[in-house]
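A short write-up of the structure that comes next.
Owing to the predicted nature of the structure, the values given are computational and were not obtained by experimental measurement.
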Amino acid sequence: MQRFAYLTRAVWLLSLISLFTDLASEMLYPVMPLYLQSIGFSVFFIGLLEGVAEAVAGLSKGYFGQWSDRLGQRAPFVQGGYGLSALSKPLLAVLATPAWVLLARTLDRLGKGLRTGARDALLADETTPADRGKVFGFHRSMDTLGAVFGPLAALAWLAAHPGQFRPLFLWAFVPGVLAVGLTFALRERQAMPSGRPVMPFWASFGYWRVASPAYRRVVGALLVFALFNSSDAFLLLLARQRGLSATAVIGCYILYNLTYVLSAWPLGHLADRLGPRRLLVAGFLAFAGVYGGLALTTNAWAIGGLFAVYGLYAAATEGVGKSWVSTLCAKADAGAALGTLGGLSSLAALGASAVAGLLWQWQGSVLPFGLAAIVAIGTALYLAQLRLSTSIPG
């Protein structure tokens, strides 16, 4: 099986860990906005909650990513991060007050921030330039497979126990614990410490100052897009507003994730063959079509089809974007570079989600969705004409 030699033991373990963690998280994600709305939370507060949680992940991604580089260690950050995320699940079952929900969501996102830069650097360490897209694409496929099983489990539970959301938060703890157990089987490669001092938490994005011009141009474009790319919770709320039942909304989310699973790995192969730029451009154009379509249509079948296209957008951008960025930095800086990308994107999501919630309450859903579609088209056009140096950082 020489053709699959890039699927090393570490790649398989990290992919299975992500699968179980996403299974736990995605049992709750499509239910969360519906649950919060059912107990009286406004659209603005839901957007603010998601934005604050992502901002916590954002601040911690850059910090812990460059701390991992400094120590030349990845596994402890991966283990601690997945442990915090698993612990947050049962906490959501205890109380339904805004402060407690915010605390539990923040703990989950802090875990994501702790692990993300180190995990992505572990994946990058397992690749060659010819296989980067395939490795990141495979990881995203396995990660998103959990995002298919999770909503299916939630759908089965709600079909048997309509309206009983809270027990799901306890059931989600089980796959989370399995993921944490697998992290202790990781055996990382010996990494060269970066030699840079660990910057204070509030200065965790200092890598931007020493990054290559190519890194800043590509990541800058991705961040402009992220400023208008609000939480996927708004997609679920919009589908519900259009008249779909709670189970139909979860079904659309399953369709999105299933499309993502089936396309992420093949599109990773395609990115290695055609280059990541073309895949990202196509992905952003698909995003524009989805957001523009959802802003205008009320047909349930059309909404389902757009959720499937949204899966193609995610598969063409998330893993592919990381694989491209990992080629624009020195190998010893991979944790900081990838952590900074994820961190700044998460901070941008805070503003995007809060503003989208305000615009929705002020003018309805068409304005935030239409604006996001226009920015996605602009980002695609910018990346299509962008010219970068061919030199690769050492």
What pairs of residues pass the salt bridge (charged side-chain N to carboxylate O under 4.0 Å, His left out) test when at least one of them lies in residues 141-156, not counting sequence neighbours? Arg140-Asp143
Would you say Leu244 and Val309 are hydrophobically clustered, going by side-chain heavy atoms of ILVMFWY under 4.5 Å? yes
Sequence neighbours excluded, the answer for ring pair (Phe, Tyr, Trp, His ring centres under 6.0 Å) partners of Tyr260 is none
Can you name the residues that form a salt bridge (charged side-chain N to carboxylate O under 4.0 Å, His left out) with Lys112, not counting sequence neighbours? none
From CZ (Phe149) to CE (Met27), nearest 0.5 Å: 13.0 Å
How long is the straight-line distance from OG1 of Thr327 back to OH of Tyr215, given to the nearest 0.5 Å? 11.5 Å
With sequence neighbours left out, which residue pairs that include part of residues 368-382 fulfil the salt bridge (charged side-chain N to carboxylate O under 4.0 Å, His left out) condition? none
What pair of heavy atoms forms the shortest contact from Leu13 to Ala185, and how long is it? CD1-O, 3.4 Å
Could I get the full list of ring pair (Phe, Tyr, Trp, His ring centres under 6.0 Å) partners for Trp360, not counting sequence neighbours? Phe234
Cluster check Leu168, Val101: I/L/V/M/F/W/Y, side chain < 4.5 angstrom: yes
Shared ILVMFWY cluster between Val366 and Trp362, side chains joined below 4.5 angstrom? no
Under the ring pair (Phe, Tyr, Trp, His ring centres under 6.0 Å) rule, collect the residues that match up with Phe173, sequence neighbours excluded. none
Note: Ser365 and Leu238 closest approach over all heavy atoms is OG-CD1, 3.3 Å
Would the distance check show the side chain of Arg277 and the main-chain N or O of Leu386 forming a donor-acceptor pair, the cut-off being under 3.5 Å? yes
Scan for salt bridge (charged side-chain N to carboxylate O under 4.0 Å, His left out) pairs involving residues 238-254, sequence neighbours excluded, and state none if there are none. none
Donor-acceptor pair, Trp100 side chain versus Leu91 backbone, under 3.5 Å? yes
Tell me if the CZ atom of Arg278 is crowded by more than 12 foreign heavy atoms within 6.0 Å. no
If I take atom CZ from residue Arg217 and atom CG from residue Leu383, how far apart are they, to the nearest 0.5 angstrom? 12.5 Å
Main chain of Asp108, side chain of Ser85: is a donor-acceptor contact present, judged purely on distance under 3.5 Å? yes
Val290 and Tyr313: side chain to side chain contact (heavy atoms under 4.5 Å, CB included), yes or no, with the steps? CA-CA 9 Å; Val290 170; Tyr313 143 74; 5.7 Å; no
How close do Gly176 and Ala24 get, heavy atom to heavy atom, and via which atoms? N-CB, 3.9 Å
Trp324 versus Pro276, closest heavy-atom pair with distance: CG-CG, 3.4 Å
Worked verdict on Leu186 versus Arg74 for side chain to side chain contact (heavy atoms under 4.5 Å, CB included): CA-CA 10 Å; Leu186 285 170; Arg74 312 297 189 190; over 6 Å; no
I'd like a table of donor-acceptor pairs (distance under 3.5 Å, sequence neighbours excluded) in which one partner is a side-chain atom from residues 75-84, with atom names and distances.
from: Gln79; atom 1: NE2; to: Thr183; atom 2: O; distance (Å): 3.3
from: Tyr82; atom 1: OH; to: Ser18; atom 2: OG; distance (Å): 3.2

Go through the structure and list residues passing salt bridge (charged side-chain N to carboxylate O under 4.0 Å, His left out) with Asp232, not counting sequence neighbours. none
Report the C-alpha distance between Leu235 and Tyr253 in whole Å, list the side-chain angles of each, state the deciding distance to 0.1 Å, and finish with yes or no for side chain to side chain contact (heavy atoms under 4.5 Å, CB included). CA-CA 9 Å; Leu235 295 173; Tyr253 192 68; over 6 Å; no
Checking His139 against Val11 for the side chain to side chain contact (heavy atoms under 4.5 Å, CB included) test, could you report, in this order, the C-alpha distance in whole Å, the side-chain angles of both residues, the deciding distance, and whether it holds? CA-CA 7 Å; His139 176 263; Val11 171; 5.7 Å; no
Could you grab the distance from atom CG of Leu262 to atom CG of Leu145, nearest 0.5 Å is fine? 9.0 Å
Which of parallel (below 30°), tilted (30 to 60°) and perpendicular (above 60°) describes Trp157 and His161? parallel
How would you list, by chain and number, every residue that makes a ring pair (Phe, Tyr, Trp, His ring centres under 6.0 Å) with Phe284, sequence neighbours excluded? Phe225
Per-pair distances, 0.1 Å, donor-acceptor, side chain in residues 298-307, under 3.5 Å, sequence neighbours excluded:
from: Asn299; atom 1: OD1; to: Trp301; atom 2: N; distance (Å): 2.9
from: Asn299; atom 1: OD1; to: Ala302; atom 2: N; distance (Å): 2.9

Would you indicate whether Trp171, at its atom CH2, is surrounded by more than 12 heavy atoms from other residues, nucleotides or ligands within a distance under 6.0 Å? no
With rounding to the nearest 0.5 angstrom, report the CG to CG distance, Leu178 to Leu16. 11.0 Å
Please confirm whether the backbone N or O of Ser353 pairs with a side-chain atom of Ser231, one donor and one acceptor, at under 3.5 Å? no
Quick one: sort the Phe287 and Tyr310 rings into parallel, tilted or perpendicular, breaks at 30° and 60°. tilted
Are the side chain of Ser212 and the backbone of Leu328 linked by a donor-acceptor contact shorter than 3.5 Å? yes
With clusters defined by side-chain heavy atoms of hydrophobic residues (ILVMFWY) lying less than 4.5 Å apart, directly or transitively, does Leu114 cluster with Leu71? yes
Do any side-chain atoms of residues 367-379 form donor-acceptor pairs under 3.5 angstrom with protein atoms, and if so which ones, sequence neighbours left out?
from: Thr379; atom 1: OG1; to: Val375; atom 2: O; distance (Å): 3.0

If you count every heavy atom of other residues, nucleotides or ligands that lies below 6.0 Å from Arg216 atom CZ, does the total exceed 12? yes
Rounded distance (nearest 0.5 Å) linking atom CG of Leu223 with atom CG of Asn229: 11.5 Å
Using a strict 4.0 Å threshold on nitrogen-to-oxygen distance, state whether Arg115 and Asp120 make a salt bridge. no
Tyr382 backbone acceptor or donor facing Gln385 side chain under 3.5 Å: yes
Give the minimum heavy-atom separation between Leu267 and Ala316, together with the two atoms involved. CD1-N, 3.8 Å
For a quick test of reading the model, state the closest non-hydrogen atom pair linking Val325 to Ala337 and the distance between them. CG1-O, 4.5 Å
Should Trp12 and Phe138 count as side-chain neighbours, where that means a heavy-atom distance under 4.5 Å? yes
Do Val177 and Leu170 belong to the same hydrophobic cluster, where Ile, Leu, Val, Met, Phe, Trp and Tyr are linked whenever their side-chain heavy atoms lie under 4.5 Å apart, directly or via other members? no
